[in-house]
Amino acid sequence: VQLQASGGGLVQAGGSLRLSCAASARTFSSDAMGWFRQAPGKEREFVATISRTGGSEHADSVKGRFTISRDNAKNTVYLQMNSLKPEDTAVYYCAARIWGTGSRKGSEYKFWGQGTQVTVSS
């Protein structure tokens, strides 16, 4: 399974970005997907997850600002990020949990994308 993340960039605080993650898996519609991020000098942290049926969870730090969604026809998962803050600066990774349910644990995802840099300036 290959995951290709895109959409990162430099944005001012309060701005928006939409990340995309295209998956090669033919099982995509049956897979749970997740977004994680890692800031310099920090551990990787959970951002959001979406199940194959569309149920989603978001980390408290992004709830109300970020929204995960998926388009099974395009084998793509999205992360809409609004009201961005400097503390959202990180490399964002998408991950796939084949035939699994949504999870906040990175260890439960077998496949990972290459990451896309998001930088929020103050």
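Please read these numbers as outputs of a predicted model, since none were measured by experiment.
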Tell me every residue that passes side chain to side chain donor-acceptor pair (under 3.5 Å) with R18, counting only those two or more places apart in sequence or in another chain.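 If we apply the side chain to side chain donor-acceptor pair (under 3.5 Å) test to R18, skipping adjacent residues, there are no hits.
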Side-chain contact, heavy-atom cut-off 4.5 Å: [X] with [Y]?
X	Y	value
R44	W112	yes
I98	V1	yes
M33	R52	no
W35	I50	no
L19	T116	yes
S103	F46	no

Legend entry - R104 to F36 six-membered ring, cation-pi geometry met (6.0 Å, 45°):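 That pair does not qualify as a cation-pi contact.
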Does [Y] offer a backbone N or O that forms a donor-acceptor pair with the side chain of [X] under 3.5 Å?
X	Y	value
Q114	A5	yes
T76	K74	yes
H58	I68	yes
N75	F28	no

* Could you check Y92 against R37 for side-chain hydrogen bond (donor to acceptor under 3.5 Å, both in side chains), going step by step and ending with a plain yes or no? => CA-CA 4 Å; Y92 284 71; R37 67 186 181 185; 2.9 Å; yes
S51 OG to E57 CD distance, which is reported to the nearest 0.5 Å: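 Interatomic distance, S51 OG to E57 CD, rounded to 0.5 Å: 9.0 Å.
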To the nearest 0.5 Å, what is the distance between CG on N72 and OG on S30?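 One finds 8.5 Å between CG of N72 and OG of S30.
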I'd like to know if D60 pairs up with K63 as an ion pair, taking the criterion as any Lys NZ or Arg NE/NH1/NH2 lying under 4.0 Å from an Asp or Glu carboxylate oxygen.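 Salt bridge flag = yes for K63 with D60.
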(request) Answer yes if the side chains of S24 and Q2 hold a donor-acceptor pair under 3.5 Å, and no otherwise. (result)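 There is no such pair (donor and acceptor under 3.5 Å, judged by atom type) between the side chains of S24 and Q2.
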* Asked: Which heavy-atom pair separates A32 from G102 by the least distance, and what is that distance?
  ->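 Scanning both residues completely, I find the closest heavy atoms to be CB-N, 3.5 Å.
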Shortest non-hydrogen contact between L3 and A23, atoms and distance |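 That would be CD2-CB, 3.5 Å.
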Enumerate donor-acceptor pairs with a distance under 3.5 Å from any side-chain N or O in residues 77-84 to protein atoms, sequence neighbours excluded.
residue, atom, partner, partner atom, Å
Q80, NE2, N82, OD1, 2.9
N82, OD1, S16, OG, 2.9

task: Any chance you could lay out the side chain to side chain contact (heavy atoms under 4.5 Å, CB included) test for D31 and F111, step after step, and finish with the verdict?
output: CA-CA 11 Å; D31 303 336; F111 299 99; over 6 Å; no
Self-check item: In one Ile/Leu/Val/Met/Phe/Trp/Tyr side-chain cluster, 4.5 Å: Y109, F66
Solution: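 In one cluster with Y109: F66, no.
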task: Go through the steps for T89 and E87 under the test side-chain hydrogen bond (donor to acceptor under 3.5 Å, both in side chains), then give the verdict.
output: CA-CA 5 Å; T89 295; E87 51 264 44; over 6 Å; no
